[in-house]
Number of protein chains: 2
Amino acid sequence: MSQHSGSDPEVAEERSGPKTERGKRTLRRLLDAAGEEFGTRGYHDTAISNITQGAGVGLGTFYVYFKSKEEVFRALVADMGARTRHAMTESTRGAHDRLEAERLGIQAFIDFVRSHKALYRIVMEAQFVAPEAYRDYYRTFAAAYRQQLAQAASRGEISEGQDDEVRVWALMGASSFLGIRYGIWDAETDSASVAAAASGSHDQQARAAS
Amino acid sequence: MSQHSGSDPEVAEERSGPKTERGKRTLRRLLDAAGEEFGTRGYHDTAISNITQGAGVGLGTFYVYFKSKEEVFRALVADMGARTRHAMTESTRGAHDRLEAERLGIQAFIDFVRSHKALYRIVMEAQFVAPEAYRDYYRTFAAAYRQQLAQAASRGEISEGQDDEVRVWALMGASSFLGIRYGIWDAETDSASVAAAASGSHDQQARAAS
DNA sequence: TTGAAACATGAGTCAACATTCAGGTTCCGA
DNA sequence: TCGGAACCTGAATGTTGACTCATGTTTCAA
C-alpha cells in the first residue's frame, strides 16, 4: 500500500470491461456505491465490504472488477475530472468576455460541488491516497484553463500573459476554496452573489490601488 | 476511529504538560518526530512505533503524553496554524499598501511552505483526519485576513467590502494553490516572481476588461 | 535519605480489514 | 441442449497496528 508510483508495470493488463449486460450493471453499481462510501466516510474508513454491501453484491465480486481498493478510487478521481471539466466548459460557453466567463465559472463550480459533495471530497482526498491522480486532475484542468486564457488574450480581453501558469493556479485555488467554503461548508449562500463578489474583487482592488 | 466530533466530553481533562525537564524534552522529541513522520509518510502510513523510534523512546512512552494518534496530529495542526500566521504577519509588516502586502504575503507563504513542506502537508491532510482542526485553521486565518482588509479599507487603499469573506477565501485559495504548485511540486521557480505575477494579474485583468 | 510522583517500557491483546480461493451459478453461441 | 466463458460468493487467511498494562526507573521535595 502506498508504494505505488504511477508507472507500475503491473497496471497494464486491464480487463477490457464487462462483456455481458449483467456485468455492466454490476460494475456500475460498484462504482456508484464506492463513490457514495468513499465520499461519505472517506477512503480509510471505507471497507470493501461497505462498498459491496452498498452495491448489493458479494464481497468477492469486488475483485472481479477491480484489482485493489486504490484502483476504484483512482477510477473515481479520473471520472470526476472529466465531469468537472465538462460542467465548466458548458457553463462558460455563453460568456461575452473573460471576466464574465470567470464569474460564471466560479458560480458553476460552486454549484457543481454542491450537487456532488461526496464525489468532490474524493478528488480532494486523492491528494493523499493517489497523488498521481490528483496531480493529473489539476494539470489537465490547468491546461484547459490556460488555453481559455490564451484565447481571451488573443481576443484582447485580457493582457497577454507569460505568467498564465501562475494566474491559472491562483484562479483554480480561488475557485477551489470558494467551492469548499460555499459549496460544502455553507451551501446556503447564493452562489451567484459569491461568484459576483469574487470576480468583482479583482478590479475593485486594482481600481482602488491605482 | 473517526467518530470524534470535536465537542467530546472526554477531551476536557488535559494533563497540564510535563512537570520535569526530562518530561519536556521527551514531549518535544515526540512532537518533532511526529511532525517528521506524518509529514513524510502521511497519517495513515505512520505507525506510533515509527514516531517513538524517531524520537528514540519506547512505544509505551507515546501514551504517557498523548491519548491517541489523532491527538498528536491535532496538536501539530494547531501549532502550524500559529506558526504560519506569525510568518505572514511578519512578512507583510513593512508593506506600504494592500497590494504590496498581498504580494509579500503570497511570496512569504510560498517560501514558508517550501521550508516546511512536511508540516504543511499535515495541515492539508487534516481536512480528512481532523476536519475540525482544519476548519479552525482556516477560520482563524480568515478572521485575521479579514481584519487586514478592513484596515486597508479604512485607510482607503481598497474599496469597502461587504464581501470581505468571499474575497478572503478567494485570496487564501490562490495562496494555497500557489503554495502547493510552487512550494511543493516545483520548488525551483523564484517565489518573488510568482508572487509578482499573481498579485499583478489582479489589475492586469481588470484593466483589460474595462 | 526517602518515598511518592513522574516518567519509561515493550510484550501482549484485540479488532479491523484487504485480499485470496475453491467452489458455485448464470449466460449465450453453436 | 450443451459446454465453456463470464460472473458471483463469502468463509478463511494473514497482516497490521492502535492501544493497554504490569512492571520498572528516575526525579525531587521534604
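In what follows, chains are A, B, ... by sequence order, proteins preceding strands, each numbered from 1.
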> Taking atom NE2 of B:H116 and atom OG1 of B:T84, what is their separation to the nearest 0.5 Å?
Replying inline: 8.0 Å
> How long is the span from the CD1 atom in A:I180 to the CZ atom in A:R121, to the nearest 0.5 Å?
Replying inline: 11.5 Å
Between [X] and [Y], is there a side-chain N and carboxylate O pair less than 4.0 Å apart?
X      : Y      : result
A:E102 : A:R98  : yes
A:R74  : A:E70  : yes
A:R135 : A:E132 : no

> Mapping B:S49 and B:T20 to their closest nucleotides on DNA chain D, which lands nearer the 5' end?
Replying inline: B:S49
Nearest whole angstrom, please: distance from the [atom2] of [N] to the [atom1] of [X].
X     : N      : atom1 : atom2 : value
A:Q53 : D:dG10 : CD    : C1'   : 11 Å
A:D45 : C:dA18 : CG    : C1'   : 15 Å
B:F66 : D:dG17 : CZ    : P     : 20 Å
B:I51 : D:dG17 : CD1   : P     : 12 Å
B:E21 : C:dA6  : CD    : P     : 16 Å
A:E70 : C:dC17 : CD    : P     : 17 Å
B:K24 : D:dT26 : NZ    : C1'   : 17 Å
A:F73 : C:dC17 : CZ    : C1'   : 18 Å

> So, A:S175 side chain and A:M172 main chain: donor-acceptor pair closer than 3.5 Å or not?
Replying inline: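 No, the answer is negative, given that no donor and acceptor are paired below the 3.5 Å cut-off.
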> Hey, does A:T46 reach any base, or is it just sugar-phosphate, or nothing, if we go heavy atoms under 4.0 Å?
Replying inline: sugar-phosphate
> What residues, two or more places apart in sequence or in another chain, satisfy ring pair (Phe, Tyr, Trp, His ring centres under 6.0 Å) together with A:F109?
Replying inline: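 Applying ring pair (Phe, Tyr, Trp, His ring centres under 6.0 Å) to A:F109 gives A:Y120.
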> At under 4.0 Å, does any side-chain N or O of B:K19 touch on OP1 or OP2 of C:dA6?
Replying inline: no
>> Treating primed atoms plus P, OP1 and OP2 as sugar-phosphate and everything else as base, which nucleotides of nucleotides 8-13 of chain C get B, S or - for protein heavy atoms under 4.0 Å?
In response: SBBB--
